[in-house]
Amino acid sequence: MSQAALAISLFFHILATVVWIGGILLITFLVIPQVNNVLEDQTALHQILFRIRGRFAQVSNLALAVLIVTGLLQMTADPNYGGLLRLHNQWSRVLLLKHLLIAIMAILGLALQWSVAPALERVGLLLQHGKDGDSEWRRLRRSERRLTLAIALLAMLILATSAWLVSI
């Protein structure tokens with residue numbers, strides 16, 4: 001790969017990382033706690049969290065796709081790369097760890113996006129229309145918080161493994 005192509009790939013990889021991981025950390029540790037503090041259990045809370053989740057899912061899925069494409073390009077261009085699942089050096093083992101962390105994070109993200117978030121939306125609609133669902137809402141919000149925190153912690157571990165890879 002030419003130096004220019006590698007630089008462009010790296011630029012988009014870093015940009016996608018900022019969007020994906022930066023967005024996760026910003027939403028997890030700043031936006032959601034502040035929205036919860038201001039709105040507590042008002043009906044507007046359900047609407048705003050649903051909108052934030054939905055919009056970020058679109059942006060983060062695009063960023064993840066960019067990360068996969070650019071990451072594969074950069075990986076195959078790296079002199080430390082010896083082939084698929086060839087764990088012949090420390091770099092390849094750390095890269096495997098990073099990819100495992102990304103896979104776990106993606107699975108948790110999909111569980112949040114396709115299971116917990118839609119269930120929260122359904123219960124939120126019930127609550128907005130005066131129907132019973134408070135206990136289910138609290139249970140789902142706990143699941144959402146746990147998944148979101150796990151995803152944020154995995155994001156930080158992925159950044160740490162990226163730094164480790166650069167230092168090898």
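The chain is numbered in sequence order, starting from 1.
Counting heavy atoms from C-beta outward, I158 and I21 have side chains that approach closer than 4.5 Å. At least one side-chain heavy atom of I68 sits under 4.5 Å from a side-chain heavy atom of L72. At least one side-chain heavy atom of Q3 sits less than 4.5 Å from a side-chain heavy atom of L6. In this structure the side chain of L49 reaches within 4.5 angstrom of the side chain of N36, judged on heavy atoms. Side-chain contact check for H13 versus L73: every heavy-atom pair is 4.5 Å or farther apart. Taking the side chain as every heavy atom from C-beta outward, F29 and T148 never approach each other to under 4.5 Å.
Crowding of R93 atom CZ: a count of heavy atoms from other residues, nucleotides or ligands under 6.0 Å exceeding 12. Within a 6.0 Å sphere centred on CZ of F50, heavy atoms belonging to other residues, nucleotides or ligands number 12 at most. Residue N37 qualifies as enclosed at atom CG: its count of foreign heavy atoms under 6.0 Å is above 12.
Transitive grouping of hydrophobic side chains (ILVMFWY, heavy atoms separated by less than 4.5 Å) brings I52 and L149 into a common cluster. V94 and L154 fall within the same hydrophobic cluster, defined by Ile, Leu, Val, Met, Phe, Trp and Tyr side-chain heavy atoms under 4.5 Å apart, directly or through other members. In this structure, L153 is a member of the same hydrophobic cluster as L159, with clusters built from ILVMFWY side-chain heavy atoms closer than 4.5 Å. Each of V166 and L95 belongs to its own hydrophobic cluster when Ile, Leu, Val, Met, Phe, Trp and Tyr are linked at side-chain heavy-atom distances under 4.5 angstrom.
The salt bridge (Lys or Arg N to Asp or Glu O under 4.0 Å) search around E121 returns none, not counting sequence neighbours. For S135, the side chain to side chain contact (heavy atoms under 4.5 Å, CB included) criterion is met by R138, not counting sequence neighbours. With sequence neighbours excluded, the residues satisfying side chain to side chain contact (heavy atoms under 4.5 Å, CB included) with E136 are V123, R139, L140.
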Please output the side-chain donor-acceptor pairs of residues 84-91 that fall under 3.5 Å, not counting sequence neighbours, one pair per line with the distance.
unit_1: R86; atom_1: NH1; unit_2: G82; atom_2: O; d: 3.2
unit_1: H88; atom_1: ND1; unit_2: R86; atom_2: O; d: 3.4
unit_1: N89; atom_1: OD1; unit_2: W91; atom_2: N; d: 3.4
unit_1: N89; atom_1: OD1; unit_2: S92; atom_2: N; d: 2.7
unit_1: N89; atom_1: OD1; unit_2: S92; atom_2: OG; d: 2.9
unit_1: N89; atom_1: ND2; unit_2: N80; atom_2: O; d: 3.1

Output a table of donor-acceptor pairs, distance under 3.5 Å, between side-chain atoms of residues 59-66 and any protein atom two or more places apart or on a different chain; print 'none' if there are none.
unit_1: S60; atom_1: OG; unit_2: F56; atom_2: O; d: 2.9
unit_1: S60; atom_1: OG; unit_2: A57; atom_2: O; d: 3.3
unit_1: N61; atom_1: ND2; unit_2: A57; atom_2: O; d: 3.1

List, one per line, each side-chain donor-acceptor pair under 3.5 Å for residues 98-117, sequence neighbours excluded.
unit_1: K98; atom_1: NZ; unit_2: S162; atom_2: OG; d: 2.9

